[in-house]
Amino acid sequence: MTALEARVLVLAKAPVAGQVKTRLCPPYTPPQAAALAAAALTDTLRAVVRSSACERTLVLDGRREMVEAAGCDQLSQFDVVPQCEGGLDERIAAAFGARPASQLPQLLVGMDTPQLTAELLDQAMAALLDYSVDAVIGPAEDGGYWAVGLRRPNAHAFVGVPMSRAWTYLAQRARFESLGLRVTTLPGLRDVDNVFDAHCVADLAPTTAFAAALREIDDVMAASC
């Protein structure tokens, strides 16, 4: 496999009970929600490792040991850097500046799309390597976006864009266009935000660690009824 001259950034939170996937509670308990978050992060890291990215960085909220304790593999394949303080817009902006000396195109994804594949990542990176493209963005079904990439860092690209809104994708795309950036749209994906999303994504990607974890949790809950 030929490496692509691009970096993938994974913006993630350590899967600690009570701090991740809280919208899955109820019906799931905080430890169950954390187990699903750990599985989703595992799937994401695996997809990135299987992709053609020449560099991989995990931009982490929390301690590396928390991720290791949750059983997320592939961590040794990533540079791990801490997330900055602030809102999501500020944290995304800082993630793109985490390696200021490098001029590689960068693609950022979160940990909410365990159905992510190496092929989708390669498609996005290939778009960024096209000299007619300055930015890529992948819409999510909830109105946000699951991936965003820049050919070159831009300090004004993210800060102030409203996040976690039904119009975040549109606002982010408008910001890019206001800066004169040429934008390519990636395929849309569903984020795992709630229980309905979780089952939809597991049905779409039944061989993922996330789907396996969800089936195990649902079986335990059914047996306890």
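By convention here, the first residue in the shown sequence is residue 1. These values consider heavy atoms only, across backbone and side chains, with no hydrogens, waters or symmetry-generated copies.
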query: In terms of hydrophobic clusters joined by side-chain contacts under 4.5 Å, are Leu179 and Phe96 together?
result: yes

- prompt: If you look at every heavy atom in Lys21 and Ala33, which pair is closest and at what distance?
  reply: O-CB, 3.5 Å

message: With heavy-atom distances below 4.5 Å as the criterion, would you say the side chains of Leu58 and Val81 are in contact?
response: no

- prompt: Can you find a pair of side-chain heavy atoms, one from Arg56 and one from Asp79, that are under 4.5 Å apart?
  reply: no

statement: Here the pair of heavy atoms bringing Gly87 nearest to Glu90 is N-OE1, 2.8 Å

query: For atom CD of Glu65, is the number of surrounding heavy atoms from other residues, nucleotides or ligands below 6.0 Å larger than 12?
result: yes

query: Does the side chain of Ile137 come within less than 4.5 Å of Leu186's, by heavy atoms?
result: no

- prompt: For Gly18 and Pro30, which heavy atoms make the closest approach, and how far apart are they?
  reply: N-CB, 3.7 Å

message: Tell me whether Glu177 contacts the main-chain N or O of Arg182 through its side chain, where contact means a donor paired with an acceptor under 3.5 Å.
response: no

message: Do Asp73 and Thr42 have side chains that approach each other closer than 4.5 Å (heavy atoms only, starting at C-beta)?
response: yes

message: Just verifying a value: how many Å separate Leu189 CG and Leu116 CG, rounded to the nearest 0.5 Å?
response: 7.0 Å

task: Indicate yes or no for a side-chain donor-acceptor contact from Trp167 to the backbone of Gly144 under 3.5 Å, with no hydrogens or angles considered.
output: no

Residue pair Tyr169 / Asp142, side-chain donor-acceptor N/O under 3.5 Å: no

Passing candidate, side chain to side chain contact (heavy atoms under 4.5 Å, CB included) with Pro114, options Val192, Leu214, Leu41, Leu204: Val192

- prompt: Is there a donor-acceptor pair under 3.5 Å between the side chain of Gln77 and the backbone N or O of Gln74?
  reply: no

- prompt: Will you find, in the side chains of Arg173 and Thr185, an N or O donor that is under 3.5 Å from an N or O acceptor?
  reply: yes

query: Say you draw a straight line from CE of Met125 to OG of Ser51; how long is it, rounded to the nearest 0.5 Å?
result: 4.0 Å

message: Between Val20 and Leu60, is there shared hydrophobic-cluster membership here, with clusters defined by ILVMFWY side-chain heavy atoms closer than 4.5 Å?
response: no

- request: Would you give the length of the straight line joining atom OH of Tyr145 to atom OG1 of Thr113, rounded to the nearest 0.5 angstrom?
  value: 13.0 Å

query: Is there a donor-acceptor contact under 3.5 Å from the side chain of Arg165 to the main chain of Met163?
result: yes

- request: Please examine the side chains of Leu4 and Asp122, heavy atoms only from C-beta on, and report whether any two atoms are closer than 4.5 Å.
  value: yes

task: Would you indicate whether the side-chain heavy atoms of Thr57 and Phe78 approach each other to under 4.5 Å?
output: no

- prompt: Do Val201 and Trp146 share a hydrophobic cluster (ILVMFWY, side-chain heavy atoms under 4.5 Å, transitive)?
  reply: no

task: Output, in order, the C-alpha distance, side-chain angles, deciding distance and verdict of side chain to side chain donor-acceptor pair (under 3.5 Å) for Arg46 and Thr208.
output: CA-CA 10 Å; Arg46 288 175 180 174; Thr208 57; over 6 Å; no

- prompt: Judged by atom type as modelled, is there a donor-acceptor pair below 3.5 Å linking the side chain of Arg7 to the main-chain atoms of Ala53?
  reply: no

- prompt: Do the side chain of Gln19 and the main chain of Val16 share a donor and acceptor less than 3.5 angstrom apart?
  reply: no

query: Within the distance-only criterion (no hydrogens, no angle test), does the side chain of Arg215 pair as donor or acceptor with the backbone N or O of Pro206 below 3.5 angstrom?
result: yes

task: Examine Met111 and Met66 and state if one hydrophobic cluster contains both, with Ile, Leu, Val, Met, Phe, Trp and Tyr joined whenever side-chain heavy atoms are less than 4.5 Å apart.
output: no

- prompt: Does a side-chain heavy-atom distance below 4.5 Å link Val148 with Val136?
  reply: no

query: Can you check whether Asp134 reaches Val183 side chain to side chain, under 4.5 Å on heavy atoms?
result: no

field: Nearest-0.5 Å distance that lies between atom CZ in Arg91 and atom NZ in Lys13
entry: 7.0 Å

field: Separation between CD of Glu119 and OG of Ser52, rounded to the nearest 0.5 Å
entry: 9.0 Å

task: Keeping the roles fixed (side chain from Asp191, backbone from Ala140), state whether a donor-acceptor pair exists under 3.5 Å.
output: no

- prompt: For Glu141, what residues pass the side chain to side chain contact (heavy atoms under 4.5 Å, CB included) criterion, not counting sequence neighbours?
  reply: Arg190

query: Should we count CD of Glu68 as having more than 12 external heavy atoms under 6.0 Å?
result: yes

query: Within the distance-only criterion (no hydrogens, no angle test), does the side chain of Gln83 pair as donor or acceptor with the backbone N or O of Val59 below 3.5 angstrom?
result: yes

field: Taking every non-hydrogen atom, the tightest pair across Leu9 and Ala95
entry: CD1-O, 3.7 Å

For the student: nearest non-hydrogen atoms of Cys72 and Ala38, plus distance: SG-O, 3.5 Å

Using residues 149-160 as the side-chain source, report each donor-acceptor pair under 3.5 Å to any protein atom, sequence neighbours left out, with the distance given to one decimal.
{"from": "Arg151", "atom 1": "NE", "to": "Leu128", "atom 2": "O", "distance (Å)": "3.2"}
{"from": "Arg151", "atom 1": "NE", "to": "Val133", "atom 2": "O", "distance (Å)": "3.3"}
{"from": "Arg151", "atom 1": "NH2", "to": "Leu128", "atom 2": "O", "distance (Å)": "2.7"}
{"from": "Arg151", "atom 1": "NH2", "to": "Leu129", "atom 2": "O", "distance (Å)": "2.9"}
{"from": "Arg151", "atom 1": "NH2", "to": "Asp130", "atom 2": "O", "distance (Å)": "3.1"}
{"from": "Arg152", "atom 1": "NH1", "to": "Gln103", "atom 2": "O", "distance (Å)": "2.6"}
{"from": "Asn154", "atom 1": "OD1", "to": "His156", "atom 2": "N", "distance (Å)": "3.0"}

Where Leu107 and Ala147 come nearest, the two heavy atoms and their spacing: CD1-CB, 4.3 Å

statement: Sorted by chain and residue number, the side chain to side chain contact (heavy atoms under 4.5 Å, CB included) partners of Thr22 (sequence neighbours excluded) come out as none

message: I'd like to know if Leu170 and Leu181 are part of one continuous hydrophobic network [Ile/Leu/Val/Met/Phe/Trp/Tyr, side-chain heavy atoms within less than 4.5 Å].
response: yes

query: Would you say Asp197's side chain and Asn194's backbone share a donor-acceptor pair under 3.5 angstrom?
result: yes

